[in-house]
Amino acid sequence: MNKPERNLALELVRATEAAAMAAGRWMGRGDKNASDNAAVNGMRFMLNTIEMDGTIMIGEGEKDEAPMLFNGEKLGTGNPPEVDIAVDPIDGTRLLSLGRPNAISVVALSERNTMFDPKHIFYMNKIAVGPESAGAIDIEAPVSDNLARVAKALEKSVEDVTVIVLDRPRHEHLITEIRQAGARIKLISDGDIAGALMTCKPGIGIDMLIGIGGSPEAVITACALKCVGGFMQCKLWPRNSEEAGKCRELGMDLNDVMELNDLVSSDNVFFAATGITDGELLKGVIYEGSHIQTNSIVMRSKSGTIRYIDATHSLKKLDQIGNIDYGPKFE
């Protein structure tokens, strides 16, 4: 089997659960490095148990710069299927360290050589919406036009449209434009993967994500949106003339509008996420002495199936069968 045919997302969720349970112990303790290290150790251990020949395309940096889950790292047993992997052990590390909502652990997987490599570009300009608005957005159109189109697609007024924006100084003008158009804004300090996915979950009331965020997160978000039927457009956003010049050297078009198929070309994409802290998308990890409770979402683009998984984990048994530090031992 050279292509993934079983639902690998059902196996990936064990990795996001492990990362969330290990990292969740650090909620509100102000130590981003310790929480990230715990999440990485848990995720790596579980991913290496999966029958796959995986290569990290979207990780936490190059091997020489990041002793974490690095770009190019091999994961799995080494047997087929051959797959690309995108990881974010904690989307919202600062959120977790401060005990704030919407920190999640995520993994995405697709067939080999199908994920976009952003190379040296750390940021992209993004616009993302849920399934009902998939044909309505245009990243090159004015913000007011996009708000009007999304409102029309959702059959409501612009004043009822709610937009997620990362709370950054670079977004001051964008925020002003949204306010002038009359739409509602939900500012988030971090975690735009969860923010984009909120546009696809009924009952949350989030209609659009817009603004400049991380390029690795854009690829992971594209994997998730492909599974759930949402839509996104992105453009490379170099931080300075040096980055822009390197793009031109590498033949990367700064005017190119990238959509889901440009960010992940496979139609067989797998995605799993587990909540670490409570949020609109997922509930956070709950520690109950002898047991740990987790809440996850599991998706596959080929089948279109979306699963929400509430799991109860026996801490005593986990300590006996795995090499992951989930915190205090239960006797």
Side-chain angles (χ1 to χ4, degrees), residues 55-66 68-73 83-88 91 106 108-129 134-146 164-178 190-193 195-196 208-226 230-267 269:
T55 302
I56 294 182
M57 292 298 298
I58 302 295
E60 298 184 298
E62 301 299 332
K63 183 176 181 179
D64 293 338
E65 298 176 8
M68 297 292 188
L69 283 160
F70 56 85
N71 296 342
E73 182 175 349
V83 294
D84 290 344
I85 304 172
V87 300
D88 199 342
D91 177 42
V106 298
L109 183 151
S110 65
E111 296 168 353
R112 178 66 52 85
N113 298 323
T114 58
M115 285 187 187
F116 175 74
D117 180 3
K119 298 182 170 63
H120 66 290
I121 293 293
F122 291 97
Y123 291 98
M124 288 186 184
N125 193 12
K126 314 173 188 178
I127 181 170
V129 292
I137 56 172
D138 179 358
I139 197 170
E140 298 192 301
V143 172
S144 58
D145 287 2
N146 278 303
I164 279 189
V165 181
L166 278 170
D167 190 4
R168 299 287 189 273
R170 62 179 178 262
H171 289 149
E172 286 182 8
H173 181 66
L174 171 63
I175 291 168
T176 297
E177 287 185 288
I178 296 171
D190 298 277
D192 64 351
I193 297 174
M208 179 190 301
L209 175 138
I210 191 167
I212 297 159
S215 296
E217 289 83 355
V219 178
I220 297 174
T221 299
C223 292
L225 293 181
K226 227 175 189 189
F231 186 67
M232 179 170 67
Q233 291 182 330
C234 301
K235 295 182 74 171
L236 299 173
W237 194 81
R239 293 173 294 180
N240 48 49
S241 58
E242 182 180 350
E243 283 190 0
K246 193 168 183 180
C247 281
R248 287 187 284 271
E249 290 177 12
L250 295 172
M252 301 171 73
D253 188 353
L254 297 178
N255 295 315
D256 188 30
V257 175
M258 288 181 283
E259 298 184 349
L260 296 185
N261 284 334
D262 301 302
L263 296 168
V264 54
S265 58
S266 173
D267 290 322
V269 181

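Taking each heavy atom of Met57 and Asn71 in turn, the nearest pair found is O-OD1, 3.7 Å. Nearest heavy-atom pair across Phe231 and Ala134 is CD2-O, 3.1 Å. Here the closest non-hydrogen pair linking Gln233 and Ile137 is OE1-O, 3.8 Å. Of all the heavy atoms in Pro238 and Ala244, the pair that sits closest is CB-N, 3.6 Å.
Note that NE2 of His173 and CD1 of Ile178 are 10.5 Å apart. Values are rounded to the nearest 0.5 Å. Atoms SG and CD1, on Cys223 and Ile58 in that order, are 8.5 Å from each other to the nearest 0.5 Å. The CD1 atom of Ile139 lies 6.5 Å from the CD1 atom of Ile127; values are rounded to the nearest 0.5 Å. Note that NZ of Lys126 is 10.0 Å distant from OH of Tyr123, once rounded to the nearest 0.5 Å. Distance CD1/Ile85 to CD1/Ile56: 6.0 Å, rounded to 0.5 Å. Note that CD1 of Ile210 is 13.0 Å distant from CE of Met232, once rounded to the nearest 0.5 Å.
A salt bridge does not link Asp253 to Lys235: none of the charged nitrogens lies less than 4.0 Å from a carboxylate oxygen.
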Take His120 and Met252 through the side-chain contact (heavy atoms from CB on, under 4.5 Å) test and state the conclusion after the steps.
CA-CA 11 Å; His120 66 290; Met252 301 171 73; 4.0 Å; yes
From CA spacing to verdict: side-chain contact (heavy atoms from CB on, under 4.5 Å), Met258, Leu236:
CA-CA 9 Å; Met258 288 181 283; Leu236 299 173; 3.7 Å; yes
Please report the C-alpha distance between Met124 and Leu263 in whole Å, then the side-chain angles of each, then the deciding distance to 0.1 Å, and finally whether the side-chain contact (heavy atoms from CB on, under 4.5 Å) criterion is met.
CA-CA 12 Å; Met124 288 186 184; Leu263 296 168; 4.1 Å; yes
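When side chains are defined from C-beta on, Arg170 counts as touching Trp237, because their heavy atoms get closer than 4.5 Å. The side-chain heavy atoms of Asp262 and Glu259, taken from C-beta on, include a pair separated by under 4.5 Å. In this structure, the side chains of Ile121 and Cys247 come closer than 4.5 Å at one or more pairs of heavy atoms. The shortest distance between side-chain heavy atoms of Leu166 and Ile212 does not fall below 4.5 Å. Using a 4.5 Å cut-off on side-chain heavy atoms (C-beta onward), Lys226 and Asn261 make contact. Two residues are said to be in side-chain contact when any heavy atoms from C-beta on lie closer than 4.5 Å; Asp192 and Leu209 meet this criterion.
When each of Val264, Leu260, Val129, Val269 is paired with Leu225, the side-chain contact (heavy atoms from CB on, under 4.5 Å) condition holds for Leu260 and for no other. The residue from Ser265, Ser266, Ser110 that alone fulfils the side-chain contact (heavy atoms from CB on, under 4.5 Å) condition with Met115 is Ser110.
Judged by distance alone, with hydrogens and angles left aside, the side-chain atoms of Asp190 form no donor-acceptor pair with the main-chain N or O of Asp91 at under 3.5 Å.
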